[in-house]
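Reading through the structure tokens given below for one structure.
Order of the sequence lines sets the chain letters (A, B, ...), proteins ahead of strands, with each chain counted from 1.
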Number of protein chains: 2
Amino acid sequence: MSLRYAILGFLGSTPATGYVIGREFAQGAGAFWSALPSQIYPELRALEQLGWIEGTHDASDRLNRRVFTLTAQGVAALQQWVEAPMEYPPERDAERVRLIFLDRSAPDIIRRHLLSHAAHFRDKLATWRVIRAAMTDGTHRQMRARLAQRPAGEHDLILLTKLLAYDGNIARAELEIAWAEDALTRLEALWSVAEEVAEPI
Amino acid sequence: MSLRYAILGFLGSTPATGYVIGREFAQGAGAFWSALPSQIYPELRALEQLGWIEGTHDASDRLNRRVFTLTAQGVAALQQWVEAPMEYPPERDAERVRLIFLDRSAPDIIRRHLLSHAAHFRDKLATWRVIRAAMTDGTHRQMRARLAQRPAGEHDLILLTKLLAYDGNIARAELEIAWAEDALTRLEALWSVAEEVAEPI
DNA sequence: CTGCCCATGTAAATCGTTACATGATTAC
DNA sequence: GTAATCATGTAACGATTTACATGGGCAG
């Protein structure tokens, strides 16, 4: 059900087409949730059926675009969901499963695994830092749209919740990089001892 | 496909029934992957069809138990998978989505959200620390079974890869707790300023 | 006029959860 | 005897990915 509310939340900042939502999920919003067009379009229909969003066809628009807007019921449904107690999903981490069973593999393969883990999160880190910076310097479109429709007194809180979310992801990425590097250090120490035993001086 | 290889990896340490695999996924192995019986039993059949595991019915066993053992082909298939390049799944984090859109909610609700986030990971942390300790002091059954069938020279590496995996999860849990506490601190600071503005001295 | 992006979808397959069903064994 | 745990499944549903289909607009 999270996709449903991620879409509602997005439309809570600004009306948008399915295409724009999909693009956001593939970029900025993708830090927290993502979905492909084949999932987004049917979900938009379902939300329209529920009366939580409203889609308008612009007759003058040659492309068959539909712009969706959050309804009052949609706002209420979103509010209810975000305030509901979290149900944490089970842990599922293919990287850890691989590492655990890499104990029959050559050092170079284990090294490659950890280096690419670090590289993956360095990538994420760079992306998220750019978005975070855009939020604090007022360049971030989505954020500006959201602030524009809310009283100035609430602006600090609106910005802070998003910054906290990005800061959390940034800290996670930094942790994964540091973890992978520490893991490599510990493995190299083990391998260098093994070598000394194999070829004593 | 990760479930498939998580099962193979488990059976690589010791033969087991579907029930035991399910119990492991709900406990120790659940730190990295999990699955319910309704997914495990069909997968075991599929693995048997592939010739990667072999199930034996013990006629003397009154319960209808089948004990599965990894075949040589299964060992090879697992090896190939763990060494293959990781494909990282998209980020999907319902907690972050909630936090981001909690900016219309009362301070107490946001507080509760972050406190329960910290509580959730304190729980995980405690569990994982206990398992990690069992691995280093030689109490961990699964680990002992795995070590027993491998030459002593490999024992350090076999243990280290598992410790690294748990250490990573432990560090993640610690991070989430610290993040939630920091988030609370920053929010309280914001709210106390807002109060002062509302009720100046 | 060609290639790229905009834009919206459908269909099938895969992965995972929920609900249901059944029966044996063990501890109290 | 009865409740908890052991043990193995099936069926239906929900969430996600992959593959396919179609056509308009815009820049070089």
Side-chain angles (χ1 to χ4, degrees), chain A residues 1-8 10-11 15-27 29-30 32-50 53 55-68 81 86-94 97, chain B residues 1-8 10-11 15-27 29-30 32-50 53 55-68 81 86-94 97:
Chain A
M1 289 284 86
S2 299
L3 170 62
R4 169 161 300 182
Y5 297 98
I7 291 174
L8 284 186
F10 184 86
L11 294 179
T17 63
Y19 183 83
V20 167
I21 294 169
R23 201 182 47 198
E24 250 353 89
F25 275 141
Q27 296 173 5
F32 310 114
W33 204 267
S34 76
L36 299 167
S38 58
Q39 207 184 356
I40 293 166
Y41 290 110
E43 188 60 41
L44 285 170
R45 295 226 170 150
L47 285 168
E48 204 179 18
Q49 284 292 312
L50 285 167
I53 65 175
T56 57
H57 254 310
D58 194 333
S60 73
D61 188 11
R62 298 285 245 326
L63 289 170
N64 211 25
R65 277 181 293 203
R66 301 190 67 197
V67 179
F68 292 94
W81 180 78
M86 256 305 279
E87 286 182 41
Y88 288 84
E91 310 279 337
R92 279 203 181 89
D93 188 334
V97 175
Chain B
M1 287 287 86
S2 299
L3 170 62
R4 169 161 299 183
Y5 297 98
I7 291 174
L8 284 186
F10 185 86
L11 294 178
T17 63
Y19 183 83
V20 167
I21 293 169
R23 202 182 47 198
E24 250 353 90
F25 275 140
Q27 298 173 4
F32 311 113
W33 204 266
S34 76
L36 298 168
S38 59
Q39 207 184 355
I40 294 166
Y41 290 110
E43 188 61 41
L44 285 170
R45 295 224 170 153
L47 285 168
E48 204 179 18
Q49 284 293 312
L50 285 166
I53 65 175
T56 57
H57 254 310
D58 194 333
S60 73
D61 187 12
R62 300 283 249 323
L63 291 170
N64 211 25
R65 278 181 293 204
R66 300 191 68 197
V67 179
F68 292 94
W81 180 78
M86 255 306 278
E87 285 182 41
Y88 288 84
E91 309 280 338
R92 279 200 182 91
D93 189 334
V97 175

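For B/Ser38, the side-chain atoms get nearest to C/dA19 when compared with the rest of C/dA19, C/dT8, D/dT8. Distances from the side chain of B/Tyr41 to the nucleotides C/dT17, D/dG9, D/dT16 place D/dG9 closest. Ranking C/dT18, D/dA15, C/dT10 by closeness to the A/Arg45 side chain, first place goes to C/dT10. Distances were taken from every side-chain heavy atom of B/Arg92 (C-beta onward) to each of C/dC6, C/dG9, D/dT16; the shortest belongs to D/dT16. With distances taken from any side-chain atom of A/Trp33 to the nucleotides D/dT8, C/dT17, D/dT16, the minimum falls on D/dT16.
As rounded to whole Å, 14 Å separates atom C1' of D/dC20 from atom CG of A/Leu36. If you take CZ of A/Arg23 and P of C/dC5, they are 13 Å apart, rounded to a whole angstrom. Note: CG (A/Leu44) to C1' (C/dT8) measures 11 Å, nearest angstrom. For B/Glu87 and C/dT14, the CD to P distance is 16 Å, given to the nearest whole Å. Nucleotide D/dG9 holds its P atom 13 Å from the CZ atom of B/Arg65, rounded to whole Å. Rounded to whole angstrom, the span from the CZ atom of B/Arg4 across to the P atom of C/dG16 amounts to 11 Å. D/dA15 atom C1' lies 6 Å from atom CD of A/Gln39, rounded to whole Å. In this structure, A/Glu91 atom CD and C/dG16 atom P are separated by 14 Å, rounded to whole Å.
Within 4.0 Å of B/Pro89, counting heavy atoms only, lies no atom of the nucleic acid at all.
Not a single donor-acceptor pair, N or O on each side, falls under 3.5 Å between the base of D/dT8 and the side chain of B/Thr17.
Distance check: A/Phe68 CZ to A/Leu11 CG gives 8.5 Å after rounding to the nearest 0.5 Å. Atom CG of residue B/Leu47 and atom CD of residue B/Glu43 lie 5.0 Å apart, to the nearest 0.5 angstrom. Taking OH of A/Tyr5 as the reference point, atom CH2 of A/Trp33 lies at 12.5 Å (rounded to 0.5 Å).
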### Message
Walk me through whether B/Tyr19 and B/Ile40 qualify under side chain to side chain contact (heavy atoms under 4.5 Å, CB included).
### Response
CA-CA 9 Å; B/Tyr19 183 83; B/Ile40 294 166; over 6 Å; no
### Candidate pair A/Asp93 and A/Val97, rule side chain to side chain contact (heavy atoms under 4.5 Å, CB included), full reasoning
CA-CA 7 Å; A/Asp93 188 334; A/Val97 175; 5.9 Å; no
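Along DNA chain D, the nucleotide nearest B/Pro42 and the nucleotide nearest A/Met1 are compared for position; the residue whose nucleotide lies closer to the 5' end is B/Pro42.
OP1 or OP2 of D/dC6 has at least one side-chain nitrogen or oxygen of B/Tyr19 nearer than 4.0 Å.
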